[in-house]
Amino acid sequence: QVQLVESGGGLVQAGGSRRLSCAASGRTFSSVAMGWFRQAPGKEREFVASLIWSRNVTYYADSVKGRFTISRDNAANMVYLQMNSLKPEDTAVYYCAATYFSMIVTGPAAYDYWGQGTQVTVSS
């Protein structure tokens, strides 16, 4: 069992930055991959970024590549999403997720555990 708790959402102006945090607990993370997803009103949940915990390999959606960075703190069991150069279209509820697939996966159905989400609103 894995528990995930996101934090760090809020209101930010376009062009600004925000760092989201995900506190993970409940099992060892040497064999999982972590992901960040987002869901805007009226839209499907979409992949943002993924990280293979044991190898620190990362992968990003084209829409955020070069602006967002996913990272982890092994000792603290934390995953972060650093978001720079934010745009109004980045406005969404952001979710942290974990999967037992120790590989990059972008489909939400592959993820076994989800946090409650944190709202990020980017004003123009």
Side-chain angles (χ1 to χ4, degrees):
Q1 190 77 4
V2 173
Q3 293 81 43
L4 304 171
V5 179
E6 304 98 333
S7 61
L11 177 64
V12 60
Q13 288 190 331
S17 298
R18 199 83 180 179
R19 189 177 82 156
L20 305 182
S21 299
C22 175
S25 62
R27 61 160 287 164
T28 60
F29 292 88
S30 60
S31 59
V32 302
M34 302 296 295
W36 284 98
F37 289 78
R38 66 186 181 186
Q39 188 166 19
K43 295 189 175 181
E44 293 187 352
R45 192 166 298 190
E46 66 170 348
F47 170 80
V48 175
S50 182
L51 174 148
I52 302 174
W53 194 279
S54 60
R55 290 181 279 146
N56 209 20
V57 170
T58 59
Y59 183 77
Y60 298 92
D62 287 343
S63 58
V64 307
K65 200 173 296 182
R67 299 189 298 123
F68 290 13
T69 302
I70 186 172
S71 63
R72 60 143 169 75
D73 182 329
N74 219 6
N77 275 358
M78 296 288 294
V79 177
Y80 304 101
L81 186 69
Q82 178 66 42
M83 306 184 294
N84 298 329
S85 303
L86 282 162
K87 306 174 182 179
E89 50 264 44
D90 294 318
T91 295
V93 177
Y94 283 72
Y95 297 90
C96 176
T99 174
Y100 291 132
F101 286 107
S102 187
M103 59 187 291
I104 296 295
V105 286
T106 61
Y111 286 78
D112 306 287
Y113 300 100
W114 293 84
Q116 82 288 351
T118 185
Q119 175 72 47
V120 174
T121 302
V122 184
S123 63
S124 56

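Since the structure is predicted, the reported quantities are computational estimates derived from the model, not experimental observations.
For Y80, there are no ring-ring contact (aromatic ring centres under 6.0 Å, His included) partners at least two apart in sequence or on another chain. Applying the ring-ring contact (aromatic ring centres under 6.0 Å, His included) rule to F37 yields the partners F47, Y111, W114; only residues at least two apart in sequence or on another chain are considered. Residues satisfying the side-chain contact (heavy atoms from CB on, under 4.5 Å) test with A75, not counting sequence neighbours, are D73. Checked against side-chain contact (heavy atoms from CB on, under 4.5 Å), S17 has the following partners two or more places apart in sequence or in another chain: Q82, N84.
The closest side-chain heavy-atom distance from W36 to Y60 is not below 4.5 Å. Using a 4.5 Å heavy-atom cutoff, the side chains of M34 and L4 are in contact.
Enclosure of atom CE in M103 is not indicated, since only 12 or fewer non-hydrogen atoms of other residues, nucleotides or ligands lie within 6.0 angstrom. Other residues, nucleotides and ligands place no more than 12 heavy atoms under 6.0 Å from the CD atom of Q13.
With rounding to the nearest 0.5 Å, the separation of OG in S7 from CE in M78 is 6.0 Å. Within the model, atoms OG1 of T99 and CG of D112 stand 4.5 Å from one another, a figure rounded to the nearest 0.5 Å.
Within the structure, disulfide bond (SG atoms under 2.5 Å apart) pairs that include any residue of residues 47-93 do not occur (at least two apart or interchain). The salt bridge (Lys or Arg N to Asp or Glu O under 4.0 Å) contacts involving residues 57-72 comprise D62-K65, R67-D90, where partners must be two or more places apart or lie in separate chains. The list of disulfide bond (SG atoms under 2.5 Å apart) pairs with a residue in residues 34-124, not counting sequence neighbours, reads C22-C96. Sorted by first and then second residue, the salt bridge (Lys or Arg N to Asp or Glu O under 4.0 Å) pairs with a member in residues 3-19 form an empty list; sequence neighbours excluded. The salt bridge (Lys or Arg N to Asp or Glu O under 4.0 Å) analysis of residues 42-56, with sequence neighbours excluded, yields the pairs R38-E46. Listed by first and then second residue, the disulfide bond (SG atoms under 2.5 Å apart) pairs involving residues 54-88 amount to none (not counting sequence neighbours).
Other residues sharing a hydrophobic cluster with L11 under the 4.5 Å side-chain heavy-atom criterion for ILVMFWY residues do not exist; the residue is a singleton.
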Next on the checklist: Go through it in stages, so that I can follow the logic: the residues are L86 and F68, the test is side chain to side chain contact (heavy atoms under 4.5 Å, CB included), and I'd like the CA-CA distance, side-chain angles, deciding distance and then a yes or no.
Outcome noted: CA-CA 9 Å; L86 282 162; F68 290 13; 3.8 Å; yes

Sequence neighbours left out, cut at 3.5 Å: what donor-acceptor pairs do the side chains of residues 117-124 make with other protein atoms?
| residue | atom | partner | partner atom | Å |
| --- | --- | --- | --- | --- |
| T118 | OG1 | G9 | N | 3.1 |
| Q119 | NE2 | A92 | O | 3.4 |
| Q119 | NE2 | T121 | OG1 | 3.3 |

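In this structure, W53 and V79 approach most closely via the heavy-atom pair CZ3-CG2, 3.3 Å. When every heavy atom of L51 is checked against every heavy atom of I104, the shortest pair comes out as N-CD1, 4.3 Å.
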